[in-house]
Structures are given as structure tokens and as C-alpha cells.
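Just so we're clear, the structure is a prediction, and the values are computed from it rather than from any experiment. Residue numbers run from 1 in the order of the sequence given.
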Amino acid sequence: MTKFDDALPAPQPPPSRRWLAIIVAVLLGAFATVAAVQWRQLTLLDASVHYEGDNIVWSFFQLEAEYLKLRNTLRDIDRDPGSFDRDALQTRYDIFVSRVELVEPERTVAHMETRPIQVDTIAGLRAFVAGADQWLGPGVPPIDLAGVHAVLERMTPLAEPVHDMAMWANDTMAAQIGARNALVREQNRIAIALTVFQSLLTIGFAVIVVRQLRALEQRSGALERLAARLQEARRGAEAASRTKSAFLANMSHELRTPFQGVLGMIALAEDGPLTDTQAEQLRTARESARHLLALLNDVLDVSTLENGQLKLAPAPTALHELLADIEALMDGPARTKGIALRVRRDGDVPVHVRADATRLKQILFNLVGNAIKFTDSGTVLLETFVEDDLAWPAALCFRVTDTGIGMDPATIGRLFQRFTQGDDSHSRRFGGTGLGLEISRSLARMMGGDIAVASEPARGSSFTLRLPLVSCEAPSAAELAAAVPAVPDNTPSLRVLVAEDHPVNRQFLQVLLGRRGHQVTLCENGQLAAEAAAQGDYDLVLMDLHMPVLDGFAAAQAIRALPALRGDVLIVALTADAFSDTRQRATQAGMNDFLTKPVQPAELQRSLARMFGRARPADWVPTSARAARPLAAAPWLDTSAPELMFEGLPAGTHAQLLAVFFEDDSGSIARLSSLLNGAAGADLRDAAHSVRGAALSLGLRRLAATSGDIEDLTDTSGETAVGVLRKRFREDLAATQAACVTAGWIEPSRARTAAA
């Protein structure tokens with residue numbers, strides 16, 4: 001029983017309901033009887049009155065009349081040859097023949113029973129017509145007097161059968177009309193009786209309705225109490241929804257933070273001198289990170305898809321470039337597992353189609369990524385072809401086939417359900433949220449297509465995406481230029497105050513702004529930012545929203561409370577939380593603009609241009625994608641980090657940031673080591689998250705993984721679990737520093753830990 005059940009008495013069906021059911025059943029029976037009587041009457045009426053627009057009896061009598069007219073014409077000619085008119089005789093004969101066809105059994109069987117008198121008479125008439133046609137039929141010589149005499153002799157014996165057949169038809173139809181009239185009279189009597197009966201039932205129904213109304217009045221009080229409780233439950237549900245939104249906002253912030261280092265360092269590297277190969281590699285890495293960020297946005301905002309608020313943006317799309325991007329970005333994970341990734345495009349596939357490239361790429365990334373994830377050896381094939389099937393409109397098909405573990409029918413049946421990923425064993429082994437395929441199929445259906453799957457256990461799987469995409473012309477250079485946002489670079493030198501709690505992100509923003517000639521002051525929390533704004537003159541404040549001591553919202557309000565001109569400084573929000581309510585809160589706190597982490601140099605420049613300068617037109621177009629080099633698989637370090645994320649920066653930037661991290665100027669390592677001496681809790685998880693984000697940005701693979709395991713601890717995790725991770729973290733920290741020294745990333749003299 002729910003908490004609402006005590007507001008209502010146990011439901012007891014009143015006796016009046018049984019009587020109501022009986023009355024309804026009797027009424028239905030009476031109506032069925034009337035319907036049957038009326039249907040029978042209609043059948044008889046239709047059979048006896050309607051025959052293709054003519055009365056059946058009239059057709060029989062017309063036949064007899066035409067027979068007599070033809071016979072009399074023949075007799076007149078036989079008695080008086082001088083009155084012989086061949087054309088009049090021929091016309092009279094043709095009319096008679098046409099009347100024979102109207103009364104044949106095949107024409108009247110639906111309206112009256114066929115009897116021998118009709119069959120025999122019609123047979124005799126047909127025989128007569130067959131014989132008379134040799135004189136009066138089409139294409140024969142004109143009839144002479146001998147022919148007239150012969151036709152008359154053949155015709156005379158038919159007079160009595162024709163008359164008898166007409167009388168029989170008249171009697172038959174008269175009997176049917178009589179039966180119909182009797183049925184109508186019977187139906188009228190039944191209708192009168194039913195009317196009286198229905199009147200009595202209506203009176204009984206009215207009595208029951210009155211009783212039901214009284215019962216409803218007695219229950220109104222209980223319903224009002226129930227409504228009050230439902231209102232209370234609604235308020236609780238709304239509070240739960242707000243809590244969920246806050247959780248998603250926090251999760252968005254935590255997941256976006258690692259992208260700050262990745263995309264930020266890539267953007268800085270792209271500003272430096274690069275070879276063509278390096279530029280392509282950085283472009284591929286940037287596109288990969290941006291695509292992951294787009295997927296994160298979609299997963300966190302899946303409710304937008306459910307509510308139908310997600311809009312597609314179809315545009316001319318080069319399929320060969322799209323497939324090359326997928327091959328370049330997925331080749332690394334495939335090579336890491338020792339899998340061959342192949343991409344094939346049929347010759348009849350159009351070069352350009354009109355599609356939403358971002359959503360199409362999202363679907364294909366998901367399908368190819370799943371194929372690689374669930375395949376331990378062999379091949380993953382992405383093929384594109386045109387399918388023209390009668391059961392499906394002409395469609396462009398993308399088929400992803402793997403040689404992986406495969407699925408049984410039960411697994412396929414729940415494959416597209418949310419938060420479902422095969423069976424439990426697969427979920428534990430391969431991980432994942434279980435949202436990818438559900439989102440992919442929803443996107444495919446929005447595009448007018450669908451996703452089909454075929455699979456067998458241990459024999460691999462095949463996913464086919466069918467989309468009704470139409471070919472189109474390639475976009476012009478002007479369209480390509482317009483599609484690429486302009487990156488303004490003509491803002492004046494500014495005094496910028498940066499409030500950011502993580503040292504790596506602070507240093508990234510300092511380098512980024514310093515390269516453009518801006519003077520930068522750094523603060524590690526909102527309280528220090530508010531104090532700095534009160535003591536100095538700044539043109540701009542870059543304010544992270546989630547900081548210790550004083551968050552960005554409160555810090556912005558504190559700055560706005562300062563006297564002019566310091567209280568009027570421009571403030572730009574920095575956050576990994578892209579939810580609309582966060583933007584609204586930032587605006588309410590007095591912020592002038594909003595940048596989503598990871599902060600991209602182009603986005604930052606556009607924000608500065610909106611406030612301090614004007615943007616210049618874009619003068620470049622993107623090049624085709626080429627395969628990026630796969631990441632090296634080192635046990636302790638991601639050895640590609642300096643090349644992919646720090647190349648193009650001033651010499652020693654990576655080493656300098658590593659030294660800052662290991663010397664623990666921010667105290668994040670020391671704080672995590674200290675908290676590991678106690679029990680699991682929110683403070684421990686926050687400290688682990690901070691260390692993990694910085695370790696990922698610097699390429700410290702094993703240390704980031706260990707910090708992630710600490711971050712996954714729950715409040716119920718025992719002392720043993722915390723102790724194991726405490727020992728592992730300290731060992732990994734020392735081993736990571738040694739690996740950095742061996743790799744030449746840092747000098748031995750700077751390899752010391754705050755934990756020691």
C-alpha cells in the first residue's frame with residue numbers, strides 16, 4: 001500500500017453497478033435485435049426493388065413485349081409482302097435480342113432463385129437468336145421474304161414459354177415484397193415494444209445516476225485530501241528533478257575539466273611554428289577531443305532528445321572527409337588492441353550528401369567504437385554503399401561489421417534500451433553507460449532512418465545504419481569560409497585577472513593570454529579574486545565558477561558591490577557546466593559573458609572581441625583529414641603528451657608544469673596523501689579528482705588511473721580499500737617521478753614529492 005492509500009477508503013463496488021451492467025446488457029441485446037430485423041428488411045427490399053436501376057419484373061415484361069412486337073412485325077410482312085421494311089425489321093430484332101440479355105440467370109441470380117422455367121426459356125430464346133442471326137445477324141445479306149417466313153416459324157413456339165416466364169417472375173417478386181412488408185410490420189411492433197422497454201430502462205438508469213452522484217459527493221472530501229498529497233508529491237518530484245539537474249551540472253563540470261588541459265594545450269601548440277604533418281596531427285587530436293566533448297554534451301542532455309527539442313542542422317557534407325576523420329580517430333584505439341580497422345566506400349556512393357555531419361559522425365563513432373570495444377582480435381569494417389530495396393526507399397547505408405564476441409537473440413532484444421549493455425558479464429568487462437546505442441538510434445530516426453543489427457554469439461556482429469540522404473553539390477569556398485568562425489586578434493593589451501583553482505589551468509590561461517600581449521594576474525579562489533579586484537584596476541576578470549573558499553558567483557557579486565570603476569570591470573564566467581540555469585545564475589551574478597571549458601583560444605578571442613574589439617572575416621578553409629599517429633602504450637606515462645599537447649609552446653613548458661605538479665605548489669598531492677590516512681568521504685574524492693585532472697593533462701597515465709580509483713570510492717568503502725589505495729598511490733607517485741626522470745621529462749633534482 002502506498003502512502004496515498006490511507007486517504008481513501010477501500011473501494012467497495014455499490015450494488016447499483018450490477019444493475020447498471022444488466023441494463024446496459026439488455027439494451028445492447030435489444031439494439032442487436034433491431035439491427036438484425038432492419039438488416040433483413042434491407043436485404044429483401046434491395047433484392048426485390050433494385051436491379052441495376054431497373055425493376056426485375058419490368059425486364060421480364062419488356063422481353064415479352066418486344067417478343068410480341070417482333071412476332072407481329074414478321075406476321076404483317078408475311079401477310080402483306082408490300083409492307084416489307086427491312087430496316088424497321090432489323091431494328092425490332094436488335095431490340096428484342098438486347099432484352100434477352102437482361103433476364104439471363106447470371107444477371108438475376110443475386111435477386112431471385114433460378115428455376116427451370118427461366119433456364120429452359122432462356123435456352124430456347126438463345127437457340128432462336130442463333131438461328132435467326134443467319135438472316136438478321138451482323139454481316140449477313142439483307143433478309144428476303146423466305147427468311148422472314150423461316151424466322152416467324154422458329155419464333156411462334158416461344159410465345160407461351162416467354163409469357164409463363166414473365167408471370168413467374170412477377171409472382172416471385174410479389175412474394176418477396178409481401179415477405180418484406182410483413183417483416184416491416186413485425187419490425188414496427190418490435191420497435192414500439194423496445195421504445196417502451198428503453199423508456200423503463202432510462203428511468204432505472206436515472207435512479208442509479210442519482211445514487212452515484214450522492215456517492216461521489218461523499219468521496220469528494222477524500223479526493224481533495226488525495227489531491228493535496230499529490231501536490232506535495234509533485235513538489236517533492238520537482239525538488240528531485242532540481243537535485244538531478246544539480247548532479248548533472250556537477251558531473252558536467254567534473255568531466256569537462258580534463259578537456260581544459262587537452263584542448264587548451266593543443267590550441268597553444270597550434271599557435272606555434274609547425275610542419276604540415278604536425279599541423280595535421282594536432283588538427284586530428286583537436287577534432288577528436290572536440291568530438292568527445294560533443295558526445296559528453298549529448299549524453300548529459302539526453303532529455304533534450306526525449307522532449308523533441310534537439311534540432312538537426314543538415315548541410316552539404318563530404319562523405320570521404322567524414323569517413324577519413326572516423327578512420328583517423330579510431331585507428332589508434334584499434335591498433336592498441338591489435339585490430340585491423342578498414343573503411344570501404346562503394347563507387348556509386350555520392351561524394352557530397354546533405355546531412356547533419358556532427359550527428360552522423362556521432363552515430364558512426366558510437367558504432368565503430370562499440371565494434372572495437374567488443375572485439376579482441378580480427379577486423380572491424382566500416383563500409384558505405386547505396387541500397388535500393390523495394391521494401392525500403394533508396395538509402396545510403398553505413399555497415400559496421402566486427403569479428404567480436406557477438407550477441408544472442410535475448411541480448412539483441414534489449415540492446416537499444418537505455419543503460420543496457422549486453423549482459424552483466426559484458427558490462428563489468430567492457431564498461432560503458434549503455435546510452436550510446438539508444439541515442440544513436442534516436443538520432444537515426446530523427447534523420448528518417450534506422451539502425452538494424454544482426455549477430456551470433458562468438459561470430460561477430462553487424463550494425464547497419466540506413467539513412468535517406470540525398471546527394472548535393474559541393475559547398476563553395478565562400479560557404480566553407482562562412483562556416484568557419486572568425487578568430488579576432490586585434491584586441492588591445494589588457495590587464496586580466498584570472499580566478500582558477502587548478503594550477504595547470506591557471507598556467508595554461510597565463511600562457512594563452514600572455515602570448516597575445518595581455519598582463520595576467522592569477523588567483524586560486526574567489527575570495528582572493530574579490531580582494532585583488534578591490535585593490536587593483538583590471539580590464540577583465542576570467543572567473544571560474546566552481547572554486548573553494550568563495551565560488552565564482554559569490555566572487556562576482558562581491559566585485560559588483562565595489563565602488564565604480566572597479567565594480568564595473570567586465571567579468572567572463574569559466575565553467576565546465578554548460579547548463580542553461582548556470583548561465584542564468586552567472587548573468588544574475590553580474591557576469592558579462594560565458595565561456596565553456598575547455599576554453600578554446602578562438603572562443604576566448606571572440607569573447608574579447610565582443611567586448612574590446614571587432615572580429616575580422618575568416619580567410620581559411622579546413623583541409624581533409626589524415627590519419628593521426630597512434631598513442632604509445634607506456635605503462636606509466638603517455639609519451640605522446642609532450643608532442644601532441646605541448647609542442648609549439650615555449651621550450652621547457654611541459655617540464656616546468658611537471659615540476660610545479662610534483663613540487664606541489666598547490667598542495668593538492670599533500671592534501672590527497674593526508675586524507676588517505678582517514679576514511680573515504682567527499683573531501684577525499686574531491687582531492688583525488690583534482691590530482692587526476694592535472695595528471696591526465698601532463699601525461700601521467702598510471703597516476704591518473706590510481707587517482708580515478710580513489711575518486712570512485714564511496715562512503716561505505718572500508719578501511720582496507722582505502723589502505724590499499726593509499727599504498728598504491730604513494731608507490732605510483734614515486735614510480736611516476738622516476739619514469740619522468742628516465743624519459744627526460746624532468747631533472748632528477750626536481751623529482752621530489754610533497755607526500756614525503
- Message: Measuring only between side-chain heavy atoms, which start at C-beta, is S462 closer than 4.5 Å to R399?
- Response: yes
- Task: Taking R726 for its side chain and L676 for its backbone only, find out whether a donor-acceptor pair lies under 3.5 Å.
- Result: yes
- Task: Could you walk me through whether V368 and L341 pass side chain to side chain contact (heavy atoms under 4.5 Å, CB included), step by step?
- Result: CA-CA 9 Å; V368 175; L341 174 62; 4.1 Å; yes
- Task: May I have the step-by-step check of side chain to side chain contact (heavy atoms under 4.5 Å, CB included) for L382 and M330, ending in yes or no?
- Result: CA-CA 11 Å; L382 168 58; M330 301 306 294; over 6 Å; no
- Please report the closest heavy-atom contact between P457 and M407, naming both atoms and the distance. CD-O, 3.3 Å
- Query: So how far is it from C740 SG to L637 CG, rounded to the nearest 0.5 Å?
  - Reply: 5.0 Å
- Query: How long is the span from the OG1 atom in T706 to the NZ atom in K727, to the nearest 0.5 Å?
  - Reply: 12.0 Å
- Verify whether one side chain among T411 and D408 offers a donor that lies under 3.5 Å from an acceptor in the other. yes
- Taking all non-hydrogen atoms of both residues into account, name the closest pair between R671 and D683 and its distance. NH2-O, 3.9 Å
- Item | Donor-acceptor under 3.5 Å (H689 side chain, E711 main chain) | no
- Within the distance-only criterion (no hydrogens, no angle test), does the side chain of R354 pair as donor or acceptor with the backbone N or O of S471 below 3.5 angstrom? no
- Query: With side chains defined as the heavy atoms from C-beta onward, is the minimum distance between L437 and L367 less than 4.5 Å?
  - Reply: yes
- Does the side chain of L574 come within less than 4.5 Å of F594's, by heavy atoms? no
- Task: Kindly indicate, with the supporting measurements, whether the criterion side chain to side chain contact (heavy atoms under 4.5 Å, CB included) is fulfilled by T401 and S461.
- Result: CA-CA 6 Å; T401 306; S461 303; over 6 Å; no
- Note on the structure: Smallest heavy-atom separation, L396 atom then P350 atom, equals CD1-CD, 4.4 Å
- Flag the pair V380 / V400 as yes when at least one side-chain heavy-atom distance between them is below 4.5 Å, and no otherwise. yes
- Query: Would you say D356's side chain and L312's backbone share a donor-acceptor pair under 3.5 angstrom?
  - Reply: no
- With a 4.0 Å cut-off, would you call R506 and D501 a salt bridge? no
- Task: Decide yes or no on side chain to side chain contact (heavy atoms under 4.5 Å, CB included) for R342 and T379, but give the supporting numbers first.
- Result: CA-CA 7 Å; R342 297 190 181 125; T379 304; 3.7 Å; yes
- Query: To the nearest 0.5 Å, how far apart are OG1 in T736 and CG in L698?
  - Reply: 11.0 Å
- Closest approach of V349 to L319 (non-hydrogen atoms, all atoms of both residues): CG1-CD1, 3.6 Å
- Query: Between R445 and D450, is the closest basic N to carboxylate O distance under 4.0 Å?
  - Reply: yes
- Message: Treating T317 as the side-chain partner and A315 as the backbone partner, does any N or O pair qualify as donor plus acceptor under 3.5 Å?
- Response: yes
- With a 4.5 Å limit on heavy-atom distance, are the side chains of F463 and L364 in contact? no
- Task: Please check if the side chain of D346 supplies one atom and the backbone of D348 the other of a donor-acceptor pair under 3.5 Å.
- Result: no
- Query: Would you say I363 and F398 make side-chain contact, with heavy atoms under 4.5 Å?
  - Reply: no
- Task: Tell me yes or no: between the side chains of T384 and R345, is some donor less than 3.5 Å from an acceptor?
- Result: no
- Message: Closer than 3.5 angstrom, by distance alone: can the side chain of K337 be matched with the main-chain N or O of S377 as a donor-acceptor pair?
- Response: no
- The reported gap from CG in L322 to NE2 in H352 (rounded to nearest 0.5 angstrom) is 11.0 Å
- Closest approach of A573 to L545 (non-hydrogen atoms, all atoms of both residues): CB-CD2, 4.0 Å
- Item | Side-chain touch D402/F374, heavy atoms, less than 4.5 angstrom | no
- Query: Side chains of Q507 and L657: does their closest heavy-atom pair fall under 4.5 Å?
  - Reply: yes
- Item | Distance, nearest 0.5 Å, that separates CG of L672 from CZ of R685 | 13.0 Å
- Message: Using modelled atom types and a 3.5 Å cut-off, is there a donor and acceptor pairing between side-chain atoms of R702 and backbone atoms of D732?
- Response: no
- Smallest separation among heavy atoms of C397 and T464, with atom names: CB-CG2, 4.4 Å
- Message: Using a 3.5 Å distance criterion without hydrogens, assess whether the side chain of D664 forms a donor-acceptor pair with backbone atoms of S668.
- Response: yes
- Task: Considering only NZ, NE, NH1 and NH2 on the basic side and carboxylate oxygens on the acidic side, decide whether D325 and K361 come within less than 4.0 Å.
- Result: yes
- Separation between CG (L469) and CG (L465), nearest 0.5 Å, reads 8.0 Å
